[in-house]
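Only one structure is covered here, and it is reproduced in the block below.
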There are 2 protein chains.
Amino acid sequence: MERQSFASAANVSERLAQPPALAISTVIFALRPSESSGRPTLWLPLVRRIREPFKGLWALPGGPLTRADSLQDAAARNLQDTTGLAPSYLEQLYAFGGLHRSPSQRVVSIVYWAMVQSAEAAMARESENVKWFRADGLDALAFDHRQIVDYALWRLRNKMTYGSIAYHLLGEKFTLAQVREVYEAVLDRTVDPANFRRQLKQTAHIEATDEYLQGGKHRPPRLYRYTGATSEYFPATNPPSPNA
Amino acid sequence: MERQSFASAANVSERLAQPPALAISTVIFALRPSESSGRPTLWLPLVRRIREPFKGLWALPGGPLTRADSLQDAAARNLQDTTGLAPSYLEQLYAFGGLHRSPSQRVVSIVYWAMVQSAEAAMARESENVKWFRADGLDALAFDHRQIVDYALWRLRNKMTYGSIAYHLLGEKFTLAQVREVYEAVLDRTVDPANFRRQLKQTAHIEATDEYLQGGKHRPPRLYRYTGATSEYFPATNPPSPNA
DNA sequence: ATCAGTTGTAGTCAAAGTGACTTTAACTAA
DNA sequence: TTAGTTAAAGTCACTTTGACTACAACTGAT
C-alpha cells in the first residue's frame, strides 16, 4: 500500500472520528418583478464564497453556530447580516447531516427558510459578494445548497396551497389581485380571480380596509389587511411549538 | 460580589462559548392493545437515565452523534439498540437547539420519529431501563422530551389525516377495519366504516388479496396489502428528498 | 337446522365545496 | 361619450363528504 493513500485513508477516519461541526443556513425568499414580464417572481439572496471549499461559487447565507443564540435567532441573524432585513416569516426547514457534504470536515447544517416583504426586499443591500437570483433555474451552488433550495421551494409551494403564508411576502396592505399574483408566482399556474376571491373570503385571515389602491387605469381595487400574526415571525406549527 | 456566584456566572459564559454538542434522539411509535379496552392504542419506548442530568427519569432513546452514520442511520440505530426492532417508517422531526435544554453543556438534538409494525412491536425487548408507555398522558420526562413527544404526536396525527402512513403501523396484510382502528387510535375519534372504506379505495395505495381473515365470530373480512413503499422506510417527502 | 347477533360491503341522499363561466360595476384614456 | 380594462358578485354543473340505510356473510347458541 502506498504511503500517500494510506495517509489519506487515515485522514478520512480521523475527520469522521472528530465531532461534526454545526452550522446554520437560511434560504430567504422574496418577491421581485421579473426583468422580462414585470410580473412578480421568487428571488433569493446568495453569498459568494471567499474561502476554499467551493471558493468563488454562490452559497446560502450562514455559518457556524458560534454565538449563544437559539437556532432560530441564529437564522434571523443570517438574514440580518447578509441583507439587512428582518424576516416576516421564519421556519426551520431541515437538518442536513450527510457524511460528505463538505470535503474537509463533516458539517451538519440546520437550515431555515424565511420570507421577507417585497417592499423591504426592494431596498435590500447588494454587493460584490451578495446578489439576488431567481429561485428557479439556479446554476450549481456550493455544497449541496442547490438541493436545499429546491427542497425549500417545495415546502414553500406546499404551505402556500393550504395556508396563510402568502401575506408574508406582501406589505401591510394589499389588494386581492396581489395575493393572487403571489399564488401564481409561487405555484407557477394561473388562478381564476373570482374563485380565488371567494375562497380567500371564507378561509379569511384578512379584513377589508376602507382604502383603495389608486393610480391604475382601471377600477381601483380595495386594500386588505392580514389579521393573523403580523410582521413577527412565528414557529412552524400551530399546536405544540417546537421552539427550544 | 460573592466568589461563588462569580464563579457560576463565569461557568455560564464559558459553556456557551464552547461549541454545542450534537445528539440524535428518536420518538418510536407502535400500536399495542390497551390494557383496559383491548383496542389498539399508541405506545412508545423510553429509556431510564442512569447518569446525572435527570438521573432516574425516563427519556427518549438517543445519544451523541459519534459514529460515521448519516443522521437517519443514527436514528435507526437508536431504534435497533433500544428495542431490537427495525423501523417501518422513519422521518426527521425537528432540530431542537434551545440554550438551556440541558443543564450542563449546550446540546442540539436532531430528533427523528419512527413507526414499527405492531406484530414486531409485540416482541420488542423490555428491561429494567427500557419500558413502553402510552403515548398520551405521559408523566414528566427528562430534558424537554415531553414536549418533543407531544410535537411528534401532532405530526403523526397530521400525516395521518391526509397520507398513507397508517399502514406502517400494521403488518403486511390487514383488514380495512384494522386500518380504521389505527385511524381511530391515533386521531382519537370514531370513523364511519362505510365512508372510510370508500375513501380508502379511491386514494388507494392498497390492493385486495384473495385471502380472508378467519377465526372471528363474524363474516370474515378480506385482507389487503399496501402497495406503496413496503417495509423499507423512506424520507419525509415525495418530491425533493432532503436526505443527505 | 334455525335464528339472533355481529361485522363486512354496497348504495342512497342531502349538504357543502370546487372549477368554469357570465354579468355588472367602476374607473381611465382617448 | 365611448372603448377598454379590471374589480367584484353571481350562476351552474360537477365532485366530494358525512350520515344513514340495506343487504350479505359468517359464528355461535338454541
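Just the heavy atoms: all of them, side chains too, but no hydrogens, waters or symmetry mates, feed the values below. A note on names: the letters A, B, ... follow the listed sequences, proteins ahead of strands, and every chain is numbered from 1. Note that the structure is predicted; figures quoted are calculated from it, not measured.
DNA chain D is contacted by A:A177, A:A194, A:R197, A:K201 of residues 176-202 of chain A, taking any non-hydrogen atom closer than 4.0 Å.
In this structure, a donor-acceptor pair under 3.5 Å is present between the side chains of B:E91 and B:Y89. Side chain to side chain, B:S118 and B:R32 fail the donor-acceptor criterion of an N or O pair below 3.5 Å.
Looking only at distances, a side-chain donor or acceptor of A:H145 sits under 3.5 Å from a matching main-chain atom of A:L60.
With ring centers used as reference points, B:F174 lies 6.0 Å or more from B:Y224. For B:H205 and B:Y167, the distance between ring centers is not under 6.0 angstrom. Aromatic pair A:W43/A:F133: centroids not less than 6.0 angstrom apart.
Inter-axis angle, ends of the helix from C:dA1-D:dT30 to C:dA30-D:dT1, five pairs per end, rounded to 10 degrees: 10°.
Shown here are the ring pair (Phe, Tyr, Trp, His ring centres under 6.0 Å) partners of B:Y212, two or more places apart in sequence or in another chain: there are none.
Atom CD of B:Q214 is separated from atom C1' of C:dG8 by 13 Å (rounded to the nearest Å). Regarding B:L213, its CG atom lies at a distance of 19 Å from the P atom of C:dT6, rounded to whole Å.
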*Where do A:L42 and A:L153 land on the side chain to side chain contact (heavy atoms under 4.5 Å, CB included) test, with the steps shown first?*
CA-CA 10 Å; A:L42 270 182; A:L153 257 177; 3.8 Å; yes
